[in-house]
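Being a predicted model, the structure only gives us computed values, none of them experimental. Whatever order the structure lists them in is the order used to number ligands and atoms, beginning at 1.
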Amino acid sequence: MKALVILVAAGRGERMGADQPKAFLAVAGEPMLLHAARAFAGAPSVDGIVAVVPGDRIGAAREILAGVRKLRDVLAGGERRQDSVLAGLQSVPAGFDGVVLVHDAARPLVEVALIEAVVRAAGERGAALPVLPLVDTVKRVRDDRVVETLDRNTLAAAQTPQGFRVAVLHRAYKHAFRDGVILTDEAMAVERLGEEVVAVPGSLRNRKLTTPEDLAWAEALLRSEE
Ligand code: CTP
Ligand code: MG
């Protein structure tokens with residue numbers, strides 16, 4: 001099964017608190033966006049990559065990604081994550097019949113093996129995403145009061161890339177936008193239609209870089225591997 005990637009990088013990175021959008025910050029000397037794009041370029045099932053970036057960063061992103069094989073386009077994103085994903089989805093050629101992957105540029109250390117596992121599961125079953133078990137005990141809290149303890153064994157943390165047969169994602173997005181749903185990931189749009197989403201094992205390395213501490217963690221990891 002062949003895959004096209006929508007690499008979403010159009011967020012502001014407010015929690016990172018930097019002077020530029022998060023995906024443009026360097027990790028070990030190169031922008032997160034470039035690390036992520038290269039990982040997908042190295043995945044055998046990936047045929048094309050579309051990067052979605054802030055509207056005023058298209059030129060900068062084209063320069064950063066100039067040497068990346070399989071890069072098809074750089075597009076402007078939107079206000080919400082789902083608007084950025086939609087921009088990418090609308091660029092998928094009408095005749096494409098494979099898997100669409102949506103990946104956070106903020107997860108620059110994603111591995112090829114994980115990408116391939118998601119493509120395989122999504123191709124076979126319609127939708128798939130990587131998950132990690134939770135390490136902490138999880139409570140439901142309202143204001144300053146604990147309401148209950150959730151059964152950790154039934155919970156998991158969702159990562160990207162999330163993969164979908166293209167028709168599945170089109171259908172799920174159409175319904176979510178029609179119903180005015182705020183999506184925090186793409187799989188959520190499929191789940192709400194009652195359709196199957198397969199969970200494959202995620203990876204610690206594929207952590208989302210959200211805060212300066214996460215950036216320091218990634219820097220240290222890459223440096224230790226030099
Ligand atoms: N994203 C996007 N378009 C948006 C919002 C988010 O393409 N309107 C992308 C981000 O660039 C990121 C991914 O979605 O690669 C995951 O989002 P997150 O980690 O929340 O990044 P930001 O929204 O940039 O960060 P913050 O929430 O701290 O502002
Ligand atoms: Mg965000």
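- The nearest protein atom to atom 1 (N) of ligand 1, hydrogens excluded, is given as Gly11 N, 3.4 Å; this is a heavy-atom distance.
- Side-chain contact between Thr160 and Gln162 is present, with at least one heavy-atom pair separated by less than 4.5 Å.
- Taking 4.5 Å as the limit, some side-chain heavy atom of Val110 sits within range of a side-chain heavy atom of His103.
- At least one heavy atom of Gly78 sits under 4.0 Å from some atom of ligand 1.
- By the 4.5 Å heavy-atom criterion applied to side chains, Val50 and Val5 are not counted as neighbours.
- Atoms of ligand 1 found under 4.0 Å from any heavy atom of Ala106, numbered from 1 in the order shown, are 15 (O).
- If you number the atoms of ligand 1 from 1 as listed, the ones under 4.0 Å from a heavy atom of Arg15 come out as 18 (P), 20 (O), 26 (P), 27 (O), 28 (O).
- Within the structure, the closest approach of Ala23 to ligand 1 does not fall below 4.0 Å when heavy atoms are considered.
- Ligand 1 places these atoms under 4.0 Å from at least one heavy atom of Lys22: 18 (P), 19 (O), 21 (O), 25 (O).
- Ion pairing between a basic and an acidic side chain is recognised when a charged N comes within 4.0 Å of a carboxylate O; Asp214 and Lys208 show no such pairing.
- Heavy-atom neighbours of Arg12 CZ from other residues, nucleotides or ligands within 6.0 Å: at or below the threshold of 12.
- The proximity of Lys208 to ligand 1, defined as any non-hydrogen pair under 4.0 Å, is limited to the side chain.
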